There are 2 protein chains.
Amino acid sequence: MNYILKDENALYYECGFSCDNAVYLRFGSEAFFITDARYTNEALEYVKNAQVIEGDRRDLFVSVRETIANAKIQEIFFNPNEWSLQAYEKMRLGLEDITFTQMANLSMEKRIIKTAQEIEILDKAAYFGAKAFDRFAAFLAQEGRDLSEERLHFEAEFLLRDQGAFALSFSPIVALGKNAAKPHALPTSDCLVQNELVLFDAGIKYQRYCSDRTRTSQFTPEINFEKAQTFTNATQQKIYDTVRKAQEAGIKKAKAGIRAYEVDLACREVIDKAGYGAYFIHSTGHGVGLDIHELPVIGARSETLLQEGMVFTIEPGIYLGGEFGVRIEDTVVLSNNGAQILGSC
Amino acid sequence: MNYILKDENALYYECGFSCDNAVYLRFGSEAFFITDARYTNEALEYVKNAQVIEGDRRDLFVSVRETIANAKIQEIFFNPNEWSLQAYEKMRLGLEDITFTQMANLSMEKRIIKTAQEIEILDKAAYFGAKAFDRFAAFLAQEGRDLSEERLHFEAEFLLRDQGAFALSFSPIVALGKNAAKPHALPTSDCLVQNELVLFDAGIKYQRYCSDRTRTSQFTPEINFEKAQTFTNATQQKIYDTVRKAQEAGIKKAKAGIRAYEVDLACREVIDKAGYGAYFIHSTGHGVGLDIHELPVIGARSETLLQEGMVFTIEPGIYLGGEFGVRIEDTVVLSNNGAQILGSC
């Protein structure tokens with residue numbers, strides 16, 4: 001199969017290196033990594049199993065078209081999400097005899113099952129991610145009171161990065177009380193008060209692989225992000241216990257050989273039975289790897305056959321608009337023992 | 001003129017609001033802001049001079065196509081850089097009778113001359129950006145010794161963000177000694193030692209507008225980021241003085257009525273005369289606004305007529321590979337008095 005890639009994580013997956021101006025070409029067993037003079041030395045040092053070609057910094061496409069033309073191929077696959085219309089037109093200029101075939105999940109499909117080495121890295125990412133949750137809980141306990149969500153968001157990023165050791169998987173969510181009812185809340189000027197509900201969704205990158213985790217707690221001087229949580233408000237406690245049971249049901253259900261929608265259904269059934277089905281307004285989970293959102297989709301319509309080596313989140317939630325929201329999320333890996341939560345090493 | 005926009009800064013410029021799932025349509029004097037249920041309330045509150053339409057979160061394009069079809073237009077302009085091939089095809093599905101015309105700098109062209117209000121915001125952004133340089137210099141003086149570039153990069157980001165008050169215009173560059181010879185250096189594990197050359201290129205965002213500034217200094221317990229700098233190494237001093245003269249020549253040259261390449265030439269001549277022409281390996285500057293890189297381009301081939309209200313950087317540099325590099329950068333605005341450095345208020 002012949003294909004062309006542009007996305008940095010897709011490149012890194014193929015050959016162990018990427019930079020912000022590069023294209024990867026594969027023709028059967030032959031591969032090429034085309035970049036410009038700024039990156040040639042590093043590419044020559046790190047790129048595996050591909051020939052490095054130095055192109056023009058201002059227009060890499062001259063070398064790209066030349067390399068495609070020299071390959072004497074009839075068809076090449078590409079991901080139409082990776083290419084702007086402008087880049088797409090440049091890439092195929094003068095190559096009208098070659099069929100450029102769209103394949104939306106070209107790299108993601110290859111990456112859906114993780115190798116033992118990738119799982120080891122993802123496990124460490126999850127471990128370091130969980131450590132950051134502990135640091136943030138300690139910060140909240142000591143200094144969190146009366147700080148705004150905006151400030152808490154800043155402090156969370158600071159603690160997640162651990163003096164620069166880690167990049168972020170995504171901008172973390174620190175949502176208080178009613179703001180936690182929005183699944184993708186942006187930080188506000190609302191301040192943290194005693195007994196406030198705190199939803200924290202965050203992840204770090206370790207060796208380029210992402211962690212992803214969510215906990216919901218109540219703010220007291222003893223706040224922590226364990227799964228056993230006590231809420232002063234009886235409704236919050238009821239909702240929390242329901243989400244926790246839903247997540248446990250999802251983790252128990254997940255194993256190789258079933259379809260992804262069955263995991264979603266296992267979570268949804270618990271929440272439906274408790275009478276909150278209408279308030280679980282998103283899918284149960286998503287794959288995690290070099291990208292924070294990979295395959296498989298764990299949703300009501302996802303027919304994907306789950307297999308050993310898949311890594312994905314299980315993150316049911318209940319969102320009562322204007323009141324509060326609860327979500328509990330872990331990233332799991334499928335082995336012959338079912339689903340294990342990553343990072344618990 | 002009819003056009004369609006997708007980029008967040010382009011949207012914000014048109015109507016004062018943006019979010020990560022929205023499209024802006026303009027048909028003559030009529031305008032539409034199409035987003036999904038997550039953002040409708042905020043859009044209704046903040047969007048100016050456009051009708052807000054709530055589309056389907058999973059596929060906004062249904063509403064987009066419907067709105068275009070209802071407008072009974074024959075032609076619509078779009079920026080081929082803003083649209084992936086997939087989004088482009090979705091946008092025009094079933095609208096084969098309408099001509100979609102590419103215009104690469106659709107929004108950027110409109111934004112090339114800043115309003116008085118934008119200049120005021122950019123001036124404040126530059127002011128707060130310069131303050132962050134002072135904070136970073138104070139940090140270096142007190143605690144910088146023996147820290148790695150990676151750690152210094154982390155501390156720089158922390159100080160630039162000022163407890164979450166500001167976002168970053170871009171990931172800052174903190175480059176020591178020979179690493180400063182790479183114009184886009186990534187942080188390494190190299191550590192800061194006495195008398196080391198330090199290049200610092202950084203900017204913050206204030207009310208969504210960017211600042212951009214570079215200083216080069218020598219590390220001592222009295223390090224600062226003023227323009228008057230003393231270097232122990234005579235070659236470094238010579239190069240620094242040359243770059244400083246080049247930048248002054250560029251700032252002096254810049255005024256309404258000349259062509260952009262003349263500013264580039266003014267800087268380049270000083271560096272050429274000193275014998276380092278081959279080591280000034282990039283353009284002299286770029287426009288700054290909502291995006292860190294806007295129009296005009298200040299380069300050797302840029303015929304753009306400079307006009308009052310344009311805001312751009314002047315940032316000559318000399319890079320001696322394997323030894324060190326020097327760059328000095330300010331962001332200026334053109335008024336009837338020539339070019340003023342922003343942030344000196």
Side-chain angles (χ1 to χ4, degrees), chain A residues 6-7 19-21 36-39 41-42 57-58 78-92 100 102-105 147-159 161-168 171 174 182-187 189 281-283 299 301 319 321, chain B residues 6-7 19-21 36-39 41-42 57-58 78-92 100 102-105 147-159 161-168 171 174 182-187 189 281-283 299 301 319 321:
Chain A
K6 194 168 184 288
D7 173 75
C19 57
D20 66 5
N21 194 32
D36 71 57
R38 291 173 297 171
Y39 304 111
N41 287 341
E42 281 162 303
R57 174 174 168 181
R58 288 201 195 90
F78 74 104
N79 177 350
N81 287 311
E82 263 181 39
W83 299 82
S84 73
L85 180 63
Q86 186 170 70
Y88 170 71
E89 289 183 346
K90 277 189 174 177
M91 152 170 89
R92 57 178 308 178
F100 283 75
Q102 300 190 15
M103 190 184 274
N105 286 316
L147 296 185
S148 69
E149 274 183 354
E150 286 153 347
R151 176 68 187 279
L152 293 172
H153 178 262
F154 174 76
E155 297 290 345
E157 285 198 347
F158 178 78
L159 292 166
R161 293 192 55 197
D162 200 12
Q163 304 200 314
F166 306 113
L168 303 179
S171 183
V174 185
K182 300 176 191 166
H184 294 273
L186 291 178
S189 56
I281 54 180
H282 55 67
S283 299
R301 292 176 294 187
Y319 308 91
Chain B
K6 195 168 184 289
D7 174 77
C19 58
D20 67 5
N21 193 31
D36 70 58
R38 291 172 298 170
Y39 304 110
N41 287 340
E42 282 162 302
R57 173 173 171 184
R58 288 200 194 90
F78 74 104
N79 176 350
N81 288 311
E82 262 182 39
W83 299 83
S84 72
L85 179 63
Q86 185 169 71
Y88 169 72
E89 290 183 346
K90 275 189 176 178
M91 153 170 87
R92 60 177 307 178
F100 284 74
Q102 300 190 16
M103 187 183 275
N105 287 316
L147 295 186
S148 69
E149 275 183 352
E150 286 153 347
R151 176 67 187 278
L152 294 172
H153 178 261
F154 174 75
E155 297 290 345
E157 285 198 348
F158 177 76
L159 292 166
R161 292 192 56 197
D162 200 10
Q163 304 201 312
F166 306 113
L168 303 178
S171 184
V174 184
K182 300 176 192 167
H184 294 272
L186 291 178
S189 56
I281 53 180
H282 56 66
S283 299
R301 292 176 294 187
Y319 308 91

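The sequence lines fix the lettering, A, B, ..., with proteins before strands; numbering per chain opens at 1. From a predicted model like this one, the values you see are computed outputs, not experimental measurements.
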Checklist outcome for this item: Highest number of heavy-atom pairs under 4.5 Å with chain B among Ser148(A), Ala87(A), Gly164(A) belongs to Gly164(A)

Toward chain B, the part of [X] with a non-hydrogen atom under 4.5 Å:
| X | result |
| --- | --- |
| Glu82(A) | neither |
| Tyr88(A) | side chain |
| Ala104(A) | side chain |

Checklist entry - Closest heavy-atom contact between Ser84(A) and Pro80(B)? => result CB-O, 3.6 Å

Next on the checklist: Walk me through whether Gln163(A) and Arg151(B) qualify under side chain to side chain contact (heavy atoms under 4.5 Å, CB included).
Outcome noted: CA-CA 7 Å; Gln163(A) 304 200 314; Arg151(B) 176 67 187 278; 3.4 Å; yes

Next on the checklist: Out of Glu150(B), Glu89(B), Arg38(B), Lys182(B), return the one with the most heavy atom pairs under 4.5 angstrom to chain A.
Outcome noted: Glu89(B)

Checklist outcome for this item: side-chain contact (heavy atoms from CB on, under 4.5 Å) with Gln86(B): of Asn81(A), Leu85(A), Asn79(A), only one passes, and it is Asn81(A)

